[in-house]
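Quick caveat, the model's predicted, so the values are computed rather than measured. Within every chain, numbering begins at 1; the chains are lettered A, B, ... in the order of the sequence lines, protein sequences first and strands thereafter.
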Amino acid sequence: MSNVFIALQTNEESRHIVEALLEDNPTAVVDEQPAMVKINVPGSLVLRRTTVEEKMGRPFDLQEMQVNLITLSGHVDEDEDEFRLSWND
Amino acid sequence: MDMQASKKKLGLKERYQVMTRGLDWTPSYQKMEDIYPYVAYEGIKIHDWDKWEDPFRLTMDAYWKYQAEKERKLYAIIDAYAQNNGHLGVTDARYINTVKLFISGISPLEYVAHRGFTHVGRQFPGAGPRVACLMQSLDEIRHAQTQVHSISNYNKYYNGVHDFHHAHDRIWFLSVPKSFFDDAITAGPFEFMVAIGFSFEYVLTNLLFVPFVSGAAYNGDMGTMTFGFSAQSDEARHMTLGLEVIKFILEQDPDNLPIVQRWIDKWTWRGYRVLTLVAMMMDYMLPKRTMSWKEAWEVYFEENGGALFKDLARYGITMPKCAEQIALEKDHLSHQAWSTFYNYGAATNFHTWMPDEDEMAWLTAKYPESFDKHYRPRYEYWREQAAKGNRFYNKTLPMLCQTCQIPLVFTEPGDPTKICYREVDFKDEKYHFCSDHCKAIFEHEPEKYVQAWMPVHQIYQGNCFPEGTDPTVEGFDPLAAVLKYYHLEHGRDNLDFEGSEDQKNFDEWRGMATKNV
């Protein structure tokens with residue numbers, strides 16, 4: 001199965017996003033590089049708004065992630081509650 | 001009567017519908033083919049533009065909000081970096097040459113990308129792709145501007161970046177990235193989208209921005225790191241647009257497949273050739289390295305691109321054929337490129353040097369199959385010669401590839417001891433190529449590529465000297481005249497890093513920053 005990935009700048013906001021990703025995707029693997037963090041997950045990945053809000057302790061709009069996003073791989077699907085990445089193979 | 005306000009706030013999907021297609025209209029007194037004159041001639045068949053959807057579902061109002069936030073963060077850091085003399089915190093002054101390469105080679109492309117997306121956004125009849133192209137065209141001009149602003153701080157202290165745009169349009173090696181984008185914006189709107197949106201942004205851009213920017217961070221260059229990440233945060237959207245374009249075109253009509261496959265083959269190769277500059281930057285120009293070119297290629301092309309093409313197989317799309325040759329070149333590309341720039345270091349707007357012992361050991365470890373056998377002996381010889389006062393500068397102009405415009409310096413696939421030459425006769429003229437792939441691209445559209453502005457040919461024709469130059473006078477020095485035409489100052493902007501003004505100033509200023517004087 002191919003990996004999907006998402007890479008974020010390392011900062012205080014994305015720290016919570018990464019925590020949420022690890023909680024929602026048990027097979028996720030973290031790859032830390034200078035100033036950035038890359039999360040690889042086999043097949044598909046989901047980021048849930050409620051999990052991020054829990055970690056941050058404040059309301060969070062998933063589109064806020066645009067500010068800290070570096071790159072991603074896979075088909076994107078986004079609504080108010082979930083951001084998903086997947087491959088169809 | 002007041003308009004009835006809906007009780008519930010619109011959801012993301014509904015808002016996207018309202019703010020894209022909801023703002024579109026069907027023309028009543030002009031014909032569609034008059035409004036969108038370029039949309040049919042490439043042979044791509046689209047039956048329903050409404051099938052297009054941006055999976056991020058970003059609308060213009062949200063776009064402005066998040067872009068404004070990115071800008072505020074970026075400019076705060078640029079100011080702080082400049083105020084704090086951040087340039088003296090980079091690993092060593094050799095690093096700054098990567099910034100010179102970036103501003104003269106890449107930033108002008110951001111501007112051309114802005115023009116390209118403005119153009120194709122206007123040409124597509126669908127509201128979805130029009131909005132996405134509008135956002136990308138705004139992103140691209142933002143990238144050009146923020147790069148110029150960030151790097152202008154280096155221009156106050158270091159040589160070679162004083163006239164980057166003049167350089168971009170003239171300097172021999174900068175014709176490689178320039179002609180790449182010129183090729184794309186002179187193609188039709190669908191080819192442009194596949195070329196830039198898909199092949200460059202989706203398949204290759206990670207190799208430019210991620211290692212470069214992470215490398216900048218690793219080498220203490222906060223300014224570059226910040227504009228790079230700020231730009232890259234837009235790239236994720238561009239990549240998604242690129243992938244969406246491919247899926248959309250392929251789902252619309254089975255006849256589109258062979259056209260799209262040809263474009264993917266062509267532009268993956270064209271883009272890869274441009275990335276030669278990134279390969280040598282990663283392996284030679286970053287004093288502290290994050291990963292080798294070969295490793296980056298394996299992660300971002302072989303693994304990630306592999307996953308992508310496996311996914312697209314359901315449409316009949318296959319991995320571009322050039323991937324086989326690229327796999328053979330990954331052990332050699334950066335070394336052959338750096339050797340070339342070391343040779344032609346008298347005609348560049350940045351400095352070159354030979355790697356030191358530690359760096360050679362790193363190269364040996366990263367390239368066990370090739371470095372010690374093919375490149376180390378060459379470097380040791382050059383280093384020896386330089387120590388004796390014979391630093392080698394090649395003054396003979398090289399033969400260029402008519403398609404990618406890179407000098408013919410690459411070796412035969414599978415035989416790193418033999419230079420690869422290909423040629424084609426077309427209308428009584430002979431054209432030269434660096435590879436089978438560049439040759440095939442030319443053969444498909446010879447009328448386009450015969451018009452290329454080839455720097456070496458132009459120099460020999462006398463078109464690259466300042467106005468009023470008389471090349472027939474005794475003792476005429478063509479290189480000196482060409483450097484004047486490039487607006488480069490000999491001995492200051494070019495030549496070896498060792499003994500350069502940049503090296504001397506950096507050492508002196510860094511000394512002042514850590515001592516009382």
Inset, instruction - Could you walk me through whether A/Q33 and B/T290 pass side-chain contact (heavy atoms from CB on, under 4.5 Å), step by step? - result: CA-CA 8 Å; A/Q33 289 177 32; B/T290 46; over 6 Å; no

Short question: side chain of [X], backbone of [Y] - any donor-acceptor pair under 3.5 Å?
X      : Y      : answer
A/T71  : B/A236 : no
A/E80  : B/L12  : yes
B/D311 : A/N88  : yes

Legend entry - Proximal component of A/D81, with respect to chain B [non-hydrogen, under 4.5 Å]: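 Looking at A/D81, nothing touches chain B.
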
Inset, instruction - Could you go through the side-chain contact (heavy atoms from CB on, under 4.5 Å) check for B/K310 and A/W87 one step at a time? - result: CA-CA 9 Å; B/K310 214 162 98 189; A/W87 288 124; over 6 Å; no

Legend entry - Closest approach of B/K70 to A/V67 (non-hydrogen atoms, all atoms of both residues):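 Where B/K70 meets A/V67 most closely, the heavy atoms are CE-CA, 4.0 Å.
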
Inset, instruction - Mind listing the closest non-hydrogen atom pair of A/P34 and B/S214 along with its distance? - result: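 Closest heavy-atom pair between A/P34 and B/S214: O-OG, 2.9 Å.
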
Tell me, side chain or backbone of [X] under 4.5 Å from chain A's heavy atoms, or both, or neither?
X      : value
B/R72  : neither
B/Y16  : neither
B/L243 : side chain
B/L312 : neither
B/Y63  : neither

Inset, instruction - Go through A/N3, A/I6, A/L69, A/D79 and name the one with the most non-hydrogen pairs under 4.5 angstrom from chain B. - result: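 Maximum pair count with chain B is reached by A/L69.
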
Spacing of [X] atom [atom1] and [Y] atom [atom2] [to the nearest 0.5 Å]:
X      : Y      : atom1 : atom2 : result
A/I70  : B/E235 : CD1   : CD    : 11.5 Å
A/Q9   : B/K73  : CD    : NZ    : 5.5 Å
A/Q66  : B/E69  : CD    : CD    : 11.5 Å
B/K13  : A/D77  : NZ    : CG    : 5.5 Å
A/S73  : B/M239 : OG    : CE    : 6.5 Å
B/F229 : A/M36  : CZ    : CE    : 6.0 Å

Inset, instruction - Identify which of B/H238, B/K247, B/Q67 forms the greatest number of heavy-atom pairs closer than 4.5 Å to chain A. - result: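 Most heavy-atom pairs within the cutoff with chain A belong to B/K247.
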
Inset, instruction - Flag the one option from B/Q232, B/M291, B/E303 with the top tally of heavy-atom pairs under 4.5 Å to chain A. - result: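 Most pairs with chain A among the choices: B/Q232.
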
Inset, instruction - Tell me, yes or no, whether the heavy-atom count around B/Y218 atom OH, taken from other residues, nucleotides or ligands under 6.0 Å, exceeds 12. - result: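 Counting other residues, nucleotides and ligands, OH of B/Y218 stays at 12 neighbours or fewer.
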
Inset, instruction - Start with the C-alpha gap between B/T240 and A/E78, add the side-chain angles, then the distance that decides, and say whether side-chain contact (heavy atoms from CB on, under 4.5 Å) holds. - result: CA-CA 12 Å; B/T240 305; A/E78 182 171 345; over 6 Å; no

Inset, instruction - Could you check whether the rings of B/F56 and A/F83 sit parallel, tilted or perpendicular, using 30° and 60° as the cut-offs? - result: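 If you compare the ring of B/F56 with that of A/F83, the planes turn out parallel.
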
